[in-house]
Amino acid sequence: MTAIDAGAPFRVQVQAEPFDTAAEIARLSAGRDDMGAVVTFTGLCRADAGDTPLTALVLEHYPGMAEDEIARHLEEARRRWPLQGATIIHRHGRIVPGAPIVLVVTAAAHREAAFAAAAFLMDWLKTNAPFWKKEERAAGGAWVAAKSADDAAAARWRAPDEDAPGTPGGAPT
């Protein structure tokens, strides 16, 4: 398990073990009466991806690099929205259907900032986080390719001046 304390109460963690969403929310909000919103997103491994059922998803990463990249994007979220705290946990290793893969928790005085930051972080994690995914099926395994729908979702956060031809700008600031 590798963690980066991005300045309490901001935390990034990459681990093989499952996480406890309720415990993470409690950890982030303990003793705080200034938070008006806590938004969570938990991504689960699903079995219905593709023609044959998935038996497991294997996630690989480069320790240190993955945490640093996630922390960098957490800092970007902090620049864009007035967050009071955030936790990002991403698992690696072999994950079976139904098990949690990723947790994003954001806290702010108001819901708009917490929702927007959580969506921004999850869109980035889905498209650009340095993880490699391999689907295991009864007939064998295959590496997962990037999906254009995920790229389109992430493109909404690009600033109008970013060099991304054909993508919408207008990221909230």
Discussion item. As an exercise, state the distance from CG of Leu28 to OG1 of Thr87, rounded to the nearest 0.5 Å.
Written reply: 4.5 Å
Discussion item. Can you tell me how far apart SG (Cys45) and CG (Leu57) are? Round to the nearest 0.5 Å.
Written reply: 5.0 Å
Discussion item. Please tell me whether Val105 and Val39 are part of a single hydrophobic cluster in this structure, the criterion being side-chain heavy atoms less than 4.5 Å apart.
Written reply: no
Fill in: Inter-residue atom distance Ile88.CD1 - Gln13.CD, 0.5 Å rounding
11.5 Å
Worksheet, complete the sentence: From the list Lys133, Lys134, Arg94, side chain to side chain contact (heavy atoms under 4.5 Å, CB included) partner of Leu59 resolves to Lys133
Worksheet item: Taking atom CE of Met35 and atom CD1 of Ile25, what is their separation to the nearest 0.5 Å?
Response: 11.5 Å
Item to complete: Would you please indicate if the ring centroids of Phe115 and Trp81 are separated by under 6.0 Å?
Response: no
Discussion item. Side chains of Thr42 and Phe19, heavy atoms from C-beta outward: is any pair under 4.5 Å?
Written reply: yes
Worksheet item: Would Val38 end up clustered with Leu74 when hydrophobic side chains under 4.5 Å apart are linked, directly or stepwise?
Response: no
Fill in: Thr55 side-chain N/O to Ala138 backbone N/O, donor-acceptor pair under 3.5 Å
no
Worksheet item: Should Gln84 and Pro9 count as side-chain neighbours, where that means a heavy-atom distance under 4.5 Å?
Response: no
Worksheet item: How far does CD1 of Ile101 sit from CZ of Arg46, to the nearest 0.5 angstrom?
Response: 8.5 Å
Response to the item:
Heavy atoms of Ala118 and Thr106 approach each other most closely as CB-OG1, 3.6 Å
Worksheet entry | Minimum heavy-atom distance between Val14 and His92, given as atom pair plus value | CG1-CD2, 3.6 Å
Response to the item:
Nearest heavy-atom approach of Arg91 to Ala99 is NH1-CB, 3.9 Å
Worksheet item: Can you name the closest pair of heavy atoms from Glu67 and Pro63 and give their distance?
Response: OE1-C, 3.6 Å
Discussion item. Working note: Ile70 + Phe131, criterion side-chain contact (heavy atoms from CB on, under 4.5 Å); need CA distance, chi angles, decisive distance, verdict.
Written reply: CA-CA 11 Å; Ile70 296 169; Phe131 289 91; 3.9 Å; yes
Response to the item:
Scanning both residues in full, the closest heavy-atom pair of Leu83 with Ala117 reads CD2-CB, 3.6 Å
Fill in: Greater than 12 external heavy atoms within 6.0 Å of Arg111's CZ
no
Worksheet, complete the sentence: salt bridge (Lys or Arg N to Asp or Glu O under 4.0 Å) filter on Arg27, not counting sequence neighbours, yields Glu24
Item to complete: Using a 4.5 Å cut-off on heavy atoms from C-beta on, say whether the side chain of Phe41 contacts that of Val102.
Response: yes
Worksheet item: With a 4.5 Å limit on heavy-atom distance, are the side chains of Asn128 and Glu69 in contact?
Response: no
Discussion item. Between Arg78 and Glu75 (salt bridge meaning N to carboxylate O under 4.0 Å), is one present in this structure?
Written reply: yes
Fill in: Hydrophobic cluster identity match, Val12 and Met122, side-chain contacts under 4.5 Å
yes
Worksheet item: For the residue pair His73 and Trp124, does the interplanar ring angle fall in the parallel (under 30°), tilted (30 to 60°) or perpendicular (over 60°) class?
Response: parallel
Worksheet, complete the sentence: Nearest heavy-atom approach of Ile89 to Gln15 is CG2-CD, 3.7 Å
